[in-house]
Amino acid sequence: MDVHYSLFITLLSLFSFTLASELDYDGWLQVRLMHSFQNSPTPQFKERGNITISSIRSSAAVIVQPSLSEADVKKLKALASNSGKYQLKAIVKTSSSSETTFLSSVLACNLLGSNLKDVLYVWLDSTAEPVAVNLVSRGPCSSEDPTTLNWTTDVNIKYPDGGLAPDTAPYIQKLEREKLARESGEVKDNRSFFAKYWMYIVPALIFFVLTSATNPEAGAPGGGGGGGGGAGAQRQ
């Protein structure tokens with residue numbers, strides 16, 4: 001009974017440690033931003049900037065966005081005067097080499113009223129793949145010139161399910177995609193030694209534990225001896 005209990009605890013600990021090691025692997029996102037000042041179902045987009053999220057866990061981001069031109073400010077004001085919406089296209093590339101395009105919009109008057117301040121929410125699923133991108137600007141609503149031509153953008157990473165608790169099947173698929181990307185040299189592997197090779201280490205440890213449990217007398221001195229060894233065991 002004690003041997004089986006010890007084996008169960010050992011295997012449970014190994015599984016927990018393995019899962020924790022895999023979740024320590026952090027990913028990155030690259031977001032290409034394009035925008036349109038046309039209040040149209042089929043707008044034409046042009047470059048706005050780029051965002052590099054170096055850590056999806058910490059939301060650490062480097063944002064590069066050129067200043068808005070005077071011509072674009074006039075277009076934004078024209079949109080605001082007609083209660084139009086400023087439209088944003090976000091092309092998100094992940095560390096697993098997938099690329100997805102998302103569309104979002106916000107009232108043009110809110111961008112002017114907030115002096116070009118906005119928040120970009122990037123929503124990820126339980127496997128850290130992007131599922132939505134939302135642009136938010138809280139205003140107030142205005143059609144006047146902004147006091148600056150520079151964007152002020154905050155980036156937030158969100159999880160609809162409340163955190164990184166991956167479902168088994170999609171998470172394994174994600175790991176396979178990242179493995180293929182690393183083997184092709186597209187992604188640098190920063191995982192620990194155990195996280196890389198746990199699938200080889202764990203079976204070996206299980207075999208060792210099972211072998212030790214089924215042969216407990218193998219390591220005991222004098223295991224094949226007579227009554228002296230038996231008497232000693234009773235005294236202990």
Side-chain angles (χ1 to χ4, degrees), residues 26-125 127-160 174 177-178 181 186-187:
D26 201 358
W28 51 261
L29 297 174
Q30 291 179 343
V31 185
R32 179 187 177 192
L33 298 179
M34 305 183 73
H35 58 182
S36 173
F37 301 93
Q38 298 174 331
N39 196 12
S40 166
T42 57
Q44 293 183 345
F45 291 91
K46 63 179 183 178
E47 295 289 339
R48 166 172 161 170
N50 291 279
I51 299 174
T52 300
I53 303 172
S54 58
S55 169
I56 60 175
R57 294 185 180 278
S58 65
S59 299
V62 176
I63 305 172
V64 178
Q65 297 182 108
S67 301
L68 204 60
S69 67
E70 293 288 351
D72 286 340
V73 170
K74 290 181 180 179
K75 295 177 183 177
L76 191 61
K77 290 176 64 179
L79 268 180
S81 63
N82 293 311
S83 301
K85 290 185 176 181
Y86 166 88
Q87 301 186 64
L88 183 77
K89 178 190 289 186
I91 305 171
V92 184
K93 184 176 181 180
T94 72
S95 53
S96 59
S97 298
S98 67
E99 188 172 283
T100 313
T101 299
F102 301 97
L103 297 175
S104 185
S105 63
V106 66
L107 286 173
C109 68
N110 283 353
L111 277 177
L112 290 174
S114 66
N115 291 312
L116 304 183
K117 293 181 181 179
D118 54 17
V119 181
L120 194 70
Y121 291 96
V122 180
W123 293 84
L124 306 180
D125 64 13
T127 66
E129 290 294 321
V131 293
V133 173
N134 299 119
L135 184 69
V136 175
S137 183
R138 295 179 173 84
C141 189
S142 172
S143 58
E144 301 297 323
D145 286 326
T147 59
T148 178
L149 299 180
N150 296 317
W151 293 102
T152 302
T153 301
D154 292 328
V155 178
N156 286 325
I157 303 295
K158 295 289 186 180
Y159 298 93
K174 175 179 171 60
R177 291 196 302 269
E178 293 181 348
E186 297 177 10
V187 178

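The basis for the numbers below is simple: all heavy atoms, side chains too, and nothing from hydrogens, waters or symmetry mates. Given the structure is predicted, the values throughout are model-derived calculations rather than measurements.
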Sub-4.5 Å side-chain heavy-atom contact between Leu29 and Leu124: yes
Side chain to side chain, Val119 and Arg138, heavy atoms closer than 4.5 Å: yes
For the backbone of [Y] and the side chain of [X], can you confirm whether one donor and one acceptor N or O come within less than 3.5 Å of each other?
X: Ser36; Y: Gln44; result: yes
X: Gln87; Y: Ser40; result: yes
X: Asn134; Y: Tyr121; result: no

For the residue pair [X] and [Y], what are the closest heavy atoms and their distance?
X: Gly84; Y: Asn39; value: CA-ND2, 3.7 Å
X: Ser83; Y: Leu107; value: O-CD2, 4.1 Å
X: Pro130; Y: Thr100; value: CG-OG1, 4.5 Å
X: Val73; Y: Pro146; value: CG1-CD, 3.9 Å
X: Ser142; Y: Gly113; value: CB-CA, 3.7 Å
X: Phe45; Y: Leu103; value: CZ-CD2, 4.0 Å

Residue pairs passing the disulfide bond (SG atoms under 2.5 Å apart) test where at least one lies in residues 36-119, sequence neighbours excluded: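 Qualifying pairs, neighbours excluded: Cys109-Cys141.
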Salt bridge (Lys or Arg N to Asp or Glu O under 4.0 Å): pairs with one or both residues in residues 27-43, sequence neighbours excluded: Arg32-Glu47
Residue pairs, two or more places apart or on separate chains, that pass salt bridge (Lys or Arg N to Asp or Glu O under 4.0 Å) and touch residues 101-122: Arg48-Asp118
Between atom [atom1] of [X] and atom [atom2] of [Y], what is the distance when rounded to the nearest 0.5 Å?
X: Lys85; Y: Leu135; atom1: NZ; atom2: CG; answer: 11.5 Å
X: Leu112; Y: Ser137; atom1: CG; atom2: OG; answer: 9.0 Å
X: Leu33; Y: Asn50; atom1: CG; atom2: CG; answer: 7.0 Å
X: Lys77; Y: Phe37; atom1: NZ; atom2: CZ; answer: 13.5 Å
X: Leu88; Y: Met34; atom1: CG; atom2: CE; answer: 10.0 Å
X: Leu76; Y: Ser81; atom1: CG; atom2: OG; answer: 10.0 Å

Test applied, side chain to side chain contact (heavy atoms under 4.5 Å, CB included); reference residue, Val131; option that passes from Phe102, Tyr159, Trp123: Trp123
His35 and Tyr86 aromatic ring geometry - parallel, tilted or perpendicular at 30°/60° bounds: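 Perpendicular, since the angle between the ring planes exceeds 60°.
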Residue of the set Thr148, Asn150, Asp72 for which side-chain hydrogen bond (donor to acceptor under 3.5 Å, both in side chains) holds with Ser67: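 Result: among Thr148, Asn150, Asp72, Asn150 is the only option passing the side-chain hydrogen bond (donor to acceptor under 3.5 Å, both in side chains) with Ser67.
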